[in-house]
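So the structure is just underneath, and the comments pick up after that.
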Amino acid sequence: MKWAVGLIMLASPAAAGPLFEDRSAALPAHSYEGGWEHFVGGGVAVMDCNADGAPDIFAAGGAAPARLIRNDGAFSFTDMPLIPLTGVTGAYPLDMDADGLTDLFVLRVGANVALRGGPDCTFTDATADWGIPPDDAWSTAFTAWWEPGDDRPTLAVGNYVDRSDPDGPFEACDDNVILRPDGDGYTATPLTPGYCPLSMLAARDARGQTALRLSNDRHYYISDGHEQMWDVATRRFLGPADGWDNVSLWGMGIASRDLTGDGRDEVMLTSMGDQVLHLAQPDGSYAAAPFAVGSTAHRPHTGGDGRPSTGWHAEFADVDNDGRSDLFIAKGNVDQMPGMAMQDPNNLLMQQSDGTFVEAAAAAGIATMERSRGAALADFDGDGRLDLLVANRRAPLELYRNVTPDTGHWLQVALQQSGGNRDAIGAVVSVTADGAHQSVQHVIGGGHGGGQLLARHFGLGNATQAQVTVTWPDGTTTTTQSAADHILSFTKP
């Protein structure tokens with residue numbers, strides 16, 4: 001198989017199977033609650049909000065209040081004060097005002113909120129101060145990027161069903177919105193047509209151009225809709241003439257990572273039924289991965305429920321540090337949809353040396369049967385192994401410590417530069433170790449209802465040294481050699 005053969009040279013010897021231990025009891029009680037408007041959403045934002053090097057957590061609550069949780073180290077966590085926020089579907093961390101403190105853009109059923117980060121994980125409502133136009137939509141997707149010359153980010157907000165449409169909910173998808181910095185505030189421009197997005201991601205596409213990908217839920221647009229790709233430079237939707245095929249699916253989440261070492265990101269789209277892995281092609285187009293790759297995760301892998309699965313948050317990350325990106329997918333029935341599996345365990349698809357994926361969630365101890373929504377793979381205890389946080393609908397947050405034995409070496413890369421885009425969003429980090437090449441785009445968006453703003457993690461396998469190159473947003477590059485097993489901080493010269 002051409003796809004598999006192309007990855008063999010990137011792989012290092014496999015470690016023992018992944019293993020996690022349940023540390024959920026360390027978290028304060030929290031779950032994602034609510035009725036129809038919270039069948040979707042339920043994301044988590046993970047960031048370091050007090051500059052101590054440990055990832056902290058913001059969790060959407062739906063009808064329940066959102067929750068801010070500080071990581072005190074050694075899997076000890078503190079429930080932090082937060083302004084009352086209900087109706088929250090998700091949140092994404094970013095530095096909106098370039099003060100070096102992480103802010104949050106909070107998605108809600110109703111008016112979205114921008115929270116300004118302060119010292120020691122304190123947040124205040126800065127929506128009006130930053131001139132973000134008021135809205136009352138049902139927001140379910142978000143991404144952000146910095147356009148050349150701008151000191152503030154451009155924001156894209158994806159809105160789900162128009163709740164005010166008397167003929168809805170079907171064929172009643174709301175308009176999406178682009179928020180562009182203008183003077184002291186932001187100007188809102190509708191992005192139409194809208195097809196009920198549940199995830200958005202602004203990143204370099206297979207052409208190497210920045211594009212806004214929207215993954216849309218066919219359940220409500222039903223017909224005459226499809227997945228969308230909006231070109232940032234020309235400000236238009238791409239179509240078949242551009243090599244972009246109009247594919248319709250029950251889109252839920254987006255994960256993006258270069259799996260082949262060619263510098264182009266592959267893209268996983270979660271859905272009801274098959275999860276669709278799009279392989280980047282040399283001509284700038286995408287092709288669906290063959291079934292033999294093992295990425296469809298279309299039915300439960302344990303528990304005996306043979307009905308189709310429902311995928312939500314997806315995330316590529318190297319769980320065993322063998323130099324190959326693995327894939328986590330959060331699963332769970334929307335509520336009680338009879339045609340879909342109710343016993344629908346989350347997936348942990350481990351990439352093999354031939355580029356195929358093999359299910360490992362049950363053996364790893366993370367194949368729970370709750371209705372999962374958002375998730376994050378992050379190193380919560382600083383040992384170089386990625387741990388797992390899962391948000392569930394009407395069930396408590398789950399936290400698992402990665403205790404996989406005999407993992408490979410690792411490297412985390414943190415970025416900073418001067419100007420408005422302090423975290424260098426839009427940069428590409430490339431790592432070469434023992435002849436294997438990996439690259440990660442430093443972006444905000446994707447997932448389902450939440451994302452991360454942390455150092456980028458790479459597994460190195462047996463390699464103890466790596467060459468690291470950062471291609472900054474302005475196109476300049478910085479390269480260095482680095483030892484393994486630490487956090488490498490880059491500041492743009």
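Heads up: numbering here begins at 1 and tracks the sequence.
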Would you give the length of the straight line joining atom CG of L107 to atom OG1 of T140, rounded to the nearest 0.5 angstrom?
-> 7.5 Å

Please examine the side chains of I254 and V267, heavy atoms only from C-beta on, and report whether any two atoms are closer than 4.5 Å.
-> yes

For Y400, what residues pass the side-chain hydrogen bond (donor to acceptor under 3.5 Å, both in side chains) criterion, not counting sequence neighbours?
-> E398

Could you check if a side-chain atom of R299 sits within less than 4.5 angstrom of a side-chain atom of P308, using non-hydrogen atoms only?
-> yes

Counting distance only, does the side-chain N/O of R373 pair as donor-acceptor with the main-chain N or O of F39 below 3.5 Å?
-> yes

Backbone N or O of A137 within a donor-acceptor pair of the N159 side chain at under 3.5 Å?
-> no

Can you list every pair that meets disulfide bond (SG atoms under 2.5 Å apart) and has a residue in residues 169-219, with sequence neighbours left out?
-> C173-C196

Is there a donor-acceptor contact under 3.5 Å linking the side chains of E33 and S31?
-> yes

When H457 is tested against each of N321, D379, D318 for side-chain hydrogen bond (donor to acceptor under 3.5 Å, both in side chains), which residue passes?
-> N321

Check: F142 and N112 side chains under 4.5 Å, non-hydrogen atoms | no

Who are the side-chain hydrogen bond (donor to acceptor under 3.5 Å, both in side chains) partners of Q281, not counting sequence neighbours?
-> none

Derivation of the side-chain contact (heavy atoms from CB on, under 4.5 Å) call for Q336 and R371 = CA-CA 10 Å; Q336 297 284 347; R371 295 184 188 92; 2.9 Å; yes

Is a side-chain N or O of R257 found less than 3.5 angstrom from the main chain of L327, in a donor-acceptor match?
-> no

Answer yes or no: is there an ion pair linking E147 with R235, defined by an N-O contact shorter than 4.0 Å?
-> yes

Please examine the side chains of L349 and I329, heavy atoms only from C-beta on, and report whether any two atoms are closer than 4.5 Å.
-> yes

Between atom CG of L269 and atom CD of E227, what is the distance when rounded to the nearest 0.5 Å?
-> 5.5 Å

In Å and rounded to the nearest 0.5 Å, what is the CE to CG distance from M96 to L115?
-> 10.5 Å

Should the pair R204-D258 be classified as a salt bridge under the 4.0 Å nitrogen-to-oxygen rule?
-> no

Basic-acidic side-chain contact under 4.0 Å: D182, R180 | no

Non-neighbouring partners of H226 that pass ring pair (Phe, Tyr, Trp, His ring centres under 6.0 Å), sequence neighbours left out = Y195

Pairing residues for D150 by the side-chain hydrogen bond (donor to acceptor under 3.5 Å, both in side chains) criterion, not counting sequence neighbours | none

Give every residue pair that meets the ring-ring contact (aromatic ring centres under 6.0 Å, His included) criterion with at least one member in residues 304-327, sequence neighbours excluded.
-> W312-H448

Cation-aromatic face contact R152/Y186, 6.0 Å, 45 degrees = yes

On a heavy-atom basis, the closest approach of T154 and P181 is OG1-CD, 3.8 Å

Can you tell me if D320 uses its side chain to pair, donor with acceptor, with the backbone of P18 under 3.5 Å?
-> no

Is a side-chain N or O of D262 found less than 3.5 angstrom from the main chain of R264, in a donor-acceptor match?
-> yes

Examine distances only and state if a side-chain atom of E359 and a backbone atom of L348 form a donor-acceptor pair shorter than 3.5 Å.
-> yes

Drop me the distance from S223's OG to E171's CD, to the nearest 0.5 angstrom.
-> 4.5 Å

At their closest point, which heavy atom of H301 faces which heavy atom of P345, and how far apart are they?
-> NE2-CG, 3.6 Å

Any donor-acceptor N or O pair under 3.5 Å, side chains T89, E37 | no

Are the charged groups of D242 and R236 less than 4.0 angstrom apart, N to O?
-> yes

Side-chain heavy atoms of R213 within contact of T143, under 4.5 Å = no

A292 to T356 - nearest heavy-atom pair and separation = O-CG2, 3.7 Å

Taking only residues two or more places apart in sequence or in another chain, which ones pass ring pair (Phe, Tyr, Trp, His ring centres under 6.0 Å) with F58?
-> none

Is there a donor-acceptor pair closer than 3.5 Å between any side-chain N or O of S271 and the backbone N or O of W250?
-> yes

Can you name the residues that form a ring pair (Phe, Tyr, Trp, His ring centres under 6.0 Å) with Y160, not counting sequence neighbours?
-> W138, Y220

Not counting sequence neighbours, which residues clear side-chain contact (heavy atoms from CB on, under 4.5 Å) with V413? List them please.
-> L411, L415, V429, F458, V468, F490

Has the side chain of H442 got a donor or acceptor atom that lies under 3.5 Å from a matching backbone atom of D423?
-> yes

Can you tell if the side chain of D274 reaches within under 4.5 Å of the side chain of F291, non-hydrogen atoms only?
-> no

Between the main-chain N or O of S285 and the side-chain N or O of D283, is there a donor-acceptor pair closer than 3.5 Å?
-> yes

Only one of N216, N246, N176 passes side-chain hydrogen bond (donor to acceptor under 3.5 Å, both in side chains) with Q228, and that residue is N216

Quick one: list whatever passes side-chain hydrogen bond (donor to acceptor under 3.5 Å, both in side chains) with D474, sequence neighbours left out.
-> T476, K492

CE on M342 to OG1 on T310, rounded to 0.5 Å = 9.5 Å

Got a second to check how far M268's CE is from L259's CG, nearest 0.5 Å?
-> 9.0 Å

Evaluation steps, side chain to side chain donor-acceptor pair (under 3.5 Å), between D95 and T102 | CA-CA 5 Å; D95 189 349; T102 301; over 6 Å; no

Sequence neighbours excluded, the answer for ring pair (Phe, Tyr, Trp, His ring centres under 6.0 Å) partners of H30 is none

Quick check: does any side chain N or O of N333 sit under 3.5 Å from a backbone N or O of M340, one acting as donor and the other as acceptor?
-> yes

Residue pairs involving residues 260-328 (criterion disulfide bond (SG atoms under 2.5 Å apart); sequence neighbours excluded) = none

Any L155 side-chain heavy atom under 4.5 Å of L94 side chain | yes

Less than 4.5 Å apart, any side-chain heavy atom of D135 and any of V177?
-> no

Measure up the H278 and Y286 rings against each other and bin them: parallel (under 30°), tilted (30 to 60°), perpendicular (over 60°).
-> tilted

Within 6.0 Å of CG in D184, more than 12 heavy atoms from elsewhere = no

